[in-house]
Every structure is written in C-alpha cells, then in structure tokens.
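Only one structure is covered here, and it is reproduced in the block below.
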Amino acid sequence: MKKELLSSLLLTLVCIIFFCVVYTGIVYIIALIGPNKGEGEKIATKNGKYYYANLAQSFSADKYFWSRPSAVGYNAAGSGGSNKGPNNPDYLADVQKRIDSFMAHNPDVKKSDVPSDLITASGSGLDPDISIQGAIVQIPRIAKIRGLSQEAVKELVSKHIDKPLLGFLGPEKVNVLKLNIDLDNLK
Amino acid sequence: MNAELLGVIVMFVATLLLSVPLGRYIAKVYAGDRIWTDVIFNPVEKLFFKLSRINPTKEMTWKQSLTAMLTINMIWLLWAMFCLTNQSWLPWNPDHNPSQTPDQAFNTAVSFVVNCNLQDYSGETGATYFSQVFALMFLQFASAGTGMAAAAAVFNGLKERTTDKLGNFYNYFIKSCIRILLPICILIATIHAFNGTPMTLKGMDTITTMQGDTVHVSTGPVAAFVAIKHLGTNGGGYYGANSAHPLENPNYFTNMVQMIAQILIPFAMVFAMGFYLRRKKLAWVIWTVMTIGFLLLVIPTVISEVNGNPQIAKMGVMQPNGNMEGKEVRFSSYATAFWSIATTVISTGSVNGMHDSFMPISGMNMLLGMMVNSFYGGVGVGFLNFFVYLIIAVFIGGLMVGRTPEFLGKKVEAKEMKIASIVALLHPFLILVFTALACYFASHNTNMGWWFTDASGKHGASGWLNNPSYHGFSEMLYQYTSCSANNGSGFEGLADNNPFWNITAAIVLLFSRFLPIIGPVAIAGILAQKKFIPESGGTLKTDTGTFGLLILAVKVIIAALAFFPALALGPLAEFFGMK
Amino acid sequence: MSVHRRSQGLFDPKLVSEAIGQSFIKLNPRILFRNPVMFTVEIGTVIMLIVSLWTLSGNAHQGSFAYNLSIFLILLFTVLFANFAEALAEARGKAQAATLRKTRKDTPAKKIVLMGEIFLNEVHIVPSSELKKGDVFVCEVDDIIPSDGEIIEGIATIDESAITGESAPVIREAGGDKSSVTGGTKVLSDKIKVKVTTDPGESFLDKMIALVEGASRQKTPNEIALTILLAAFTIVFIIVCITLKPFGDYANTPITIAAFISLFVCLIPTTIGGLLSAIGIAGMDRALRANVIAK
C-alpha cells in the first residue's frame, strides 16, 4: 500500500508535467505558427482595431442586418442559451414578443416568411451566423433605410453566403458581421 | 439528399472507417506487440516508469489493479480540489477569477476525476487558466486513461488461459495516455488552432463593436483543451456554452472533427477487443448491437428537431431549419440533433446546442441514451458497461438453451451474477432515488437553508427549476441521469451551482463511476481464474446475430421497465401536452 | 425397470386436492420467504387487504372498496396459483418417488450366499432392499440389476437406457474401467457376478427418489444465480414504485396504493419467480419420463 501510494504520487507528478506543460507547450507553439497566432480569427477595421469574425455582435439598428437573439447580451465574457423548454409559457411569450418587434420593424414582410432562427436565442448567445432566409427577409428594411435598391443588397447578401463544407456537407449560412462591414462599405 | 443530412452520414461513416485501424493499433499497444510508434514512445515511457519507480512487467491480480486505480484516483481528486479552491492566488489568472467554494470545487473535482465533467461553474468565470490546464485538462487525460486501462485489464482477463493476473494497471494507463490519446490530441488541437480556436495565455480581450458597444472576449488555451475533451469523452467545455461556443467550435469542419473524435475511441475499443482476443466476429456483433440502439435513438431525434416546434409554428413563422432555440446556424438541426444523441450514448456530455430547449422526444432519447449507457459508452467504461449486460445476457441465454452459461470458455456462475446484478441495479437506483429526493423538495418547496439559495436570495426548493411542470421534472431527472451515466451534459436551466446539487451530484458520480469499473474488472479477474473449456457443439455462441438481439432485448427490458414511469411523467407528458 | 409404466394424469383428482390444501399452507410467510419474488407479492396482498378494510371503514382517497378488494383477490389468487403449481409438482414428484421406491423393493436379487444352507455359493432370491455393501449377486439375461455394483466376473451387454437415455446397449465386463453397473438397468445377454458397492439408501435409485421428491433437492448453481438475478430485478422495481410517489406528487397526480402495488406486481418477474420451483420439479419429472437422469 505504501509503495502504491508513492508510485501513484510520483506518476501523478510526472503526468502533470508531461500533459500540462509539454503537451500544452507543443500545441501553443503550433498555434503560434498558425493564422492569428492562436488568438482566434480576427477582422481588422479601418481605425486600426479588430473584431472577432466568429463572435456575434449586437445589431439593433435598423440599418444593419440583425444577429440572432442572445441570452447573454452578446457579451463574450460569458456564454449560454436561454435553456427554456419548448413548451414553457414564458419562452413562448418571449418568442411572440420578438416576432411582434420584428414585424414592427419590417412592415413589408409577410410573417410566414420570417425564419425561426431570427426569433429564437442561439445556444452560445454568440452565434455569428443567420440563415439565408434570415438575411433575405431583412433586405427590404435595409434597402429602404439606406436608400439602396433591393437588388444591390440582395447581390451583397448572395456574395456572403458561405457554401457548405466541400460544397456538400452541412448548411449554408451568412456571417452577419462580415455582411454588415461590407454593407457599410457599399455606399 | 440534402447537404445537412449528408454531413451527418459522412461523420458517422468516417468514424467507422478510422476506428477499425485504430482498434487494431490499440490491441497491439495492449498486447505489447512491436509497432511503428515504438521509436518515439519507448523512450518516453521508460522515462515515466523510471521517474515513478514502476516496474511495468510486474503483473497484478484484479484486486491489486483496483487498489492501484483507486489510490491514484484519490490523489488526483485531492490535487484538483487544491487547485480549484486556491485558484485565485495561483499563477495564470489573468482574468482575476475567484476561487471556487468548497462544495463547488468538490463537485468539479469529482466530476473531472470520474470522466463526467458536469460543470456547475461556467468556464469563463469559474476557472482560471491554471485550473483549466493543470487540474481539469490533466484529469481529462487521466480519467480517460483510467477507463481505458480498466478495459485493457478486462480484455486481459478474457484470454483463453487460466491465471490470476490481469497485467499491470500503470502500464496500461501510461500506454493509453501516451500512445493513444496524446498523438491524436495533438492532431486535433492543431486542426482547431488553424480554424480559429484560441490557444493563448493573454487573458480576456476587450473590443468595441460596430455599434460602439464595449464587450469582453474570453480567450485562453482552448485548442489544447478541446482536443482531449472530446477524444477522452470527457465533454467539459472550456467555455460555458461548451461546443456551441463559436470560439470553441468555429465551423462545420471543426464540428465534424469533434464529433469523430468523441465516437472514435468508443468504436475502436470494441474492435480492439476483437483484435486482442482474436474474436473479430464478436466485436462486430457488439458494434452492431450498439449501432442499432444508437440509430433507434438518433433517427426520431433528428426528425423531431428538424420538424421544429409546433408551438412556434402556431405563431405563423416558418421553421426551415427546424427547432432553432439553443442551436447554432452553422451546425444546422441535423448535426446538432445527431450530436445530442451521440454525446449522450457515449459519456461525453459536450453539447453544441442547449439540450434544455430540445423537443420532448429528443430529450427523452437523450435520457434513454444515458439510462442504457452502453450504446458505445465512454472510453473504456462503455465496453465495461456493455460487458455487464453481456454477462447477464449470456446467463439468460445459457439457461434458455439449457446449458451452464459460459462466456469465451469460462463458466458464468452465481458470484459473477451477483456482481453483475449489483452493477446493473446501481444505475436505476441512483437515478430514481436522487430524482425522487429532489422532486420531493421541489414539490413541497422545502426551505433548504444553506443547501440552496436562488438568485433572489430565497431558499425554496422549487426555485432551482428554470421551467415549470413536466419539463421541470425532466431537468431534475436529466441531472441525476447525466451524473449516474458519468455523462456531464445537462438541462442547464437547472440552478445546480449550490451545495445541494453540487454535493448530491458528486455522491452519485463517485458511486456510478467506480462500482461499474470495479464490478467488471472483478468479474474478469474471477473468470480468468477458472478453467478454460474449449468450445463444443453445445456451447452458446456469443458471436451470432441471435445473441446480439438477446443483448439488445436485455438492455431494452431493463431500461424500459425501470425508467418508463419516470419518462412518462417527464418528456412523454410534455410531448402529449404540446399537441 | 418399471419406473413409469403408467403416466399419471396431470390433474389426478387426488393430487389436485392435496395441492390445493398445500397451496394454503404455503401462504405461511416463513415458507414463502424462500422465494423472494412471491414473498413480495404476498406482502402486497396483505397491504391490499388492509387498504380494502380501510376503505370499507370510510377512507375515500384510495378508490372504491370494490376496486381495492378486486386487486386484493387477484393478488391472492396469484400467490395461491404459484403455490398450487409448486404443490402439484411436488405431489406428482412424491407419487413418482413412491413408485420408484416400490420398484426398488420389488426387484428380486439373486444373492450368492457363500455359506448356504446346503451348498457353498448358494443362490438366494432376496428383495433388492436387503442387499448390503459387499454382497455378491448374479444377473442373467433379462434380469434387472438390483443395486449399484462392480462386476467381478463375466461380461454382459446391458441396456442402460433407463438411466442414460442411450438406447444402444453397452458392454460391461470385469476388470478395467468399464466394470461398474447401475441399479435399474437390464442385462440383455450373458451372465455376470456383481459385488454391491453401496449401502441401502445410498444407491443411484435412492438418489433419484430423493431428487424427485424435492426433499433433499439442492438448488443447482444456475438456480442460485437465477434467484440472484430475479431478486435484483425485484429490488429495481421496488425502487421504481417507491420513487413514483414523489414523482406523482410533483406532477400533482396522486397515485393510489392499489395502483402502486398493481404496477409493482406487473413489473417484477412474478411468472418466473412463481413457477421456478415448479419448473424445477416438473423438469426432473420429464427427464425421468424420458429416461434421462441429469443433475
């Protein structure tokens, strides 16, 4: 038993050094060689700052494409979903509120064209993407407020559609942040 | 066929194609055969053995193996407790996170030691970089290695010979970690680092958004963590949102890699058994039984998620992507639904969508996956759980054909049945008894005092539910099922970061991890000591489809009968209430 | 041998009436305790009796009196039926044992008495039950061998189908490892001299009788293991039913005691548990009828 304890202690120590220091170090060095030096995908802005391409930002203004609702207020210091059950009355009231608000801001759209991803909170609260339909349904509002033709905005959206992996695996989507940056550049 | 469905199918097939050669490799590692990786790993291993004064050739009996396993696990638990309760002053704390309270640290440490990773804390605020790497990530390696080493000992005990030795536990443990987990982890971590997962020690970033808001971005050594989290079927996320977080799981490709990583070793362990014992047909029968069970759960789940929420359909909007609450657009409902079942039948418990917001039928299937807990199962332990059912099925089958039941040439008798029964009994016992306890408190809104305080400072037990009615019941049932299956996913709406849930969950975790390891290892040890009886015409063949069906039936009967009443009051009641 | 000249009818009136009596005697908890599954059902029955009386005395929360009473009667019938099955099997076993015993007594043995009344090696006809260890007897064509023994002289073909079920005759001869013969088998040719190797009451036939009677029947290892498994299932379902109470409270669905007990009896392996011993005895009975002895 005593010997068991000693061996276990020593083995634990060796493992901690190996798996925590050596392994982490190897991955750290590999990441340094990779893009963005292991700091996540960044998009540089004109004023010398940067955004994280993979993190949703809050877009509440009518002139921008909106991100999906967030249960954590788009603050990437934390993350999480609403964790509301599909039949929870509070949850259904929230969704109804979001639909009403969306319809108020997008009077030209039929309710049956609004996709559910725009009115339900994402899992992480930081989902950077919306569905194609989610972008299309916002085009009339954006075009109207920015004084652009609907075709021009539509073309921009179609340029930003991310194709499935290798062309045949997984869904198509639109990154809201990249779309909005280009939207600002459209003028 | 649409691209989203195809993506899911490719994930599954790719895993199968990778797992067969990996199984052969694992079998060789445990058998001590020469392999091409010897050049790199032999010196490393020698160093390990030398520094820790272990003689890897000294074989142990099953009792000695279990003593070694329990001793070293106890040391790990203490180490993790120390890190978590002192993390505020330990190095590598750029975000100035506080130390965990004792009950929270106990829960966290236990759940990482037992390969569950329940995570009542949120990664961004509840743990420092030091704790993440030196306590949690270390345990993700160590607990996975423990499970695999136990499975290796069982493999050894099932060989065609008579012995009381089951190999050297430390040897299996170190080989599992170094030769199997480590190289694959480096590969996976590299893929993630190149796809936008952070691997930095810089601390929290602050940016100004396009609309001018200032937000913080939590980063850290995520890539290294994510790799072992999935490969070891641990499932504890670096971030609170786990693999739904866009930095932890940036795109569809990383999602596929993570998915494959978590099923890979559970598949491969089954094939490794086949190669190791030279019973490939038995391995395929076992794999097929597991896969049938998996498909029975995954297909209805995908359908119910893709069809969306009828309550939202009533509001007049369209649901082209299915039920999107708690899901991410980049994965789609298909991949998220597939993941939700994969992560629950295997004991990973990582999530890429919030299970609490899934449809009732999906929730029930996740629960069933954990209640059966051996359709694939976690690394190593999945096979061990299956082994228990196998012994019961062998026994029933043996009686049916009128022969003394035997498995791989060893008689199965009363002592083995006693152990197998206790292990099979434990799972429903822990789940039902503790859920009943929580239910009792919740339905009486008992004043819990120190044990529970909700966000508004009240002590009423009903405050720990985020959802009313049947779904609230499902939350409690899910929590203990997840603990007892060492899974770690949750209906996260449950307010579980308080002494009551932390401590009761930790108790469930300890029992449900170690007894199901001790049981099968003991059975294997006892079987190994018995005389080997060569196969004859009357022997019950265990590598046939008929026997596979028998195992499936045993599992379904045990799970269905024991858990049906509970499921009827949770997800099923919710499902019928939605119509 | 004449073990089963006459196969008894399954429901021989005499046996049935004895079994019915036994099935009530077996309600004694101390006897039923050996069968954990049926024992729990009996406990449920008693609880239902109390609940029935309780509703009769005016409690309104547990459903109507008729409902509770009918559950009680169904449960009682279940236990009685299990007991009846076991008792009937036992009774049949006993009846057969009696036949076997008769066989043993009736088989004449040609005992060789060293110092006879007139000659040396005189042959006396004695009942087989009087043979002792060390006695020597002869067997000729068509004789039934009266007791277990070892051939000391001669060679013979013997029909052992009564014991082994193998219809082809076997050859037994003095010396070597094929010299032992078993009581109840029949000599087909030649003549042998056999030395008795067992005392009265210990021969193969006696063991068979004990086996069928079920008195000294040991549980086989498989039976023990099966009992463990059944007990485990029973415990699981006790847990299932007890925890259902708080679950029901949470869902505001009060569940009556009768419903709990009915659910419990449905879930536990009542059928196997109730019939297990009957199956065991019946199996032995069938094996004997097919002239196969196995343990």
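Residue numbers begin at 1 in each chain, while the letters A, B, ... track the order of the sequences.
In this structure, the portion of B/I207 lying under 4.5 Å from any heavy atom of chain A is its side chain and not its backbone. Only the side chain of B/M60 comes within contact range of chain A, with at least one heavy atom under 4.5 Å from a heavy atom of that chain. With a 4.5 angstrom heavy-atom cutoff, B/I186 touches chain A via backbone and side-chain atoms both. At a 4.5 Å heavy-atom cutoff, the contact between B/T208 and chain A is made by backbone and side-chain atoms alike. When heavy atoms are compared at a cutoff of 4.5 Å, B/L201 approaches chain A by way of both its backbone and its side chain. Of the two parts of B/D205, only the side chain, counted from C-beta on, holds a non-hydrogen atom closer than 4.5 Å to a non-hydrogen atom of chain A. Within the 4.5 angstrom heavy-atom criterion, atoms from both the backbone and the side chain of B/V133 approach chain A. Heavy-atom distances place both the backbone and the side chain of B/F134 under 4.5 Å from chain A. With a 4.5 angstrom heavy-atom cutoff, B/T209 touches chain A via backbone and side-chain atoms both. Contacts between B/H471 and chain A at a heavy-atom distance below 4.5 Å involve the side chain alone, from C-beta outward. Residue contact with chain A, scored on non-hydrogen atoms closer than 4.5 Å, is absent for B/V222. In this structure, chain A has no heavy atom under 4.5 Å from any part of B/M11. Using a 4.5 Å cut-off between heavy atoms, A/I181 contacts chain B through both its backbone and its side chain. Interface residue B/M315: backbone and side-chain heavy atoms are both found under 4.5 Å from chain A. Heavy-atom distances place the side chain of B/M204, and not its backbone, under 4.5 Å from chain A.
Under 4.0 Å is where a charged nitrogen must lie from a carboxylate oxygen, and between B/K327 and B/E305 at least one such pair does. Using a 4.0 Å cut-off between charged side-chain N and carboxylate O, A/K37 and A/E39 make no salt bridge. A/E41 and A/K178 are joined by a salt bridge, as a carboxylate oxygen and a charged side-chain nitrogen come within less than 4.0 angstrom of each other. A/D127 has a carboxylate O that lies under 4.0 Å from a charged side-chain N of B/R330, or vice versa, which qualifies the two as a salt bridge.
Checked by atom type, the side-chain pair B/N249/B/N255 shows a donor-acceptor distance below 3.5 Å. B/S362 and B/S304 form a side-chain donor-acceptor contact under 3.5 Å, judged by distance and modelled atom types alone. Inspection of the B/Y470 and A/N87 side chains reveals no N or O donor paired with an N or O acceptor under 3.5 Å. A donor-acceptor pair shorter than 3.5 Å cannot be found between the side chains of B/N323 and B/Q319.
Nearest heavy atom pair, residue B/A68 against residue A/E4, reads CB-OE2, 3.8 Å.
The closest side-chain heavy-atom distance from B/N309 to B/M578 is below 4.5 Å. The closest side-chain heavy-atom distance from A/C15 to B/F48 is below 4.5 Å. Proximity of A/L177 to A/F65: side-chain heavy atoms (C-beta onward) are nowhere separated by under 4.5 Å. Under the 4.5 Å side-chain criterion, counting only non-hydrogen atoms from C-beta, B/M359 is in contact with B/P310.
Centroid-to-centroid, the aromatic rings of B/Y238 and B/F225 come within less than 6.0 Å.
The greatest number of non-hydrogen atom pairs below 4.5 Å with chain B, out of A/G34, A/G80, A/S122, A/G81, is found for A/S122. Most heavy-atom pairs under 4.5 Å with chain B: of the set A/Y74, A/F59, A/F102, this distinction falls to A/F59.
Every residue two or more places apart in sequence or in another chain that forms a salt bridge (charged side-chain N to carboxylate O under 4.0 Å, His left out) with B/E248 is listed here: B/K229. Take B/F173 and apply the ring-ring contact (aromatic ring centres under 6.0 Å, His included) test, not counting sequence neighbours, and it matches B/W76.
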### Message
Pair A/T24, B/Y129 - check side-chain contact (heavy atoms from CB on, under 4.5 Å), show working.
### Response
CA-CA 12 Å; A/T24 314; B/Y129 292 179; over 6 Å; no
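Annotation: residues 107-117 of chain A contacts chain B through A/K111, A/S112, A/D113, A/V114, A/P115, A/S116, A/D117 [non-hydrogen atoms, separation under 4.5 Å]. The interface of residues 155-165 of chain A with chain B, defined by heavy-atom distances below 4.5 Å, comprises A/P164, A/L165.
Listed for the B/E492 side chain is no donor-acceptor partner under 3.5 Å among the backbone atoms of A/N83.
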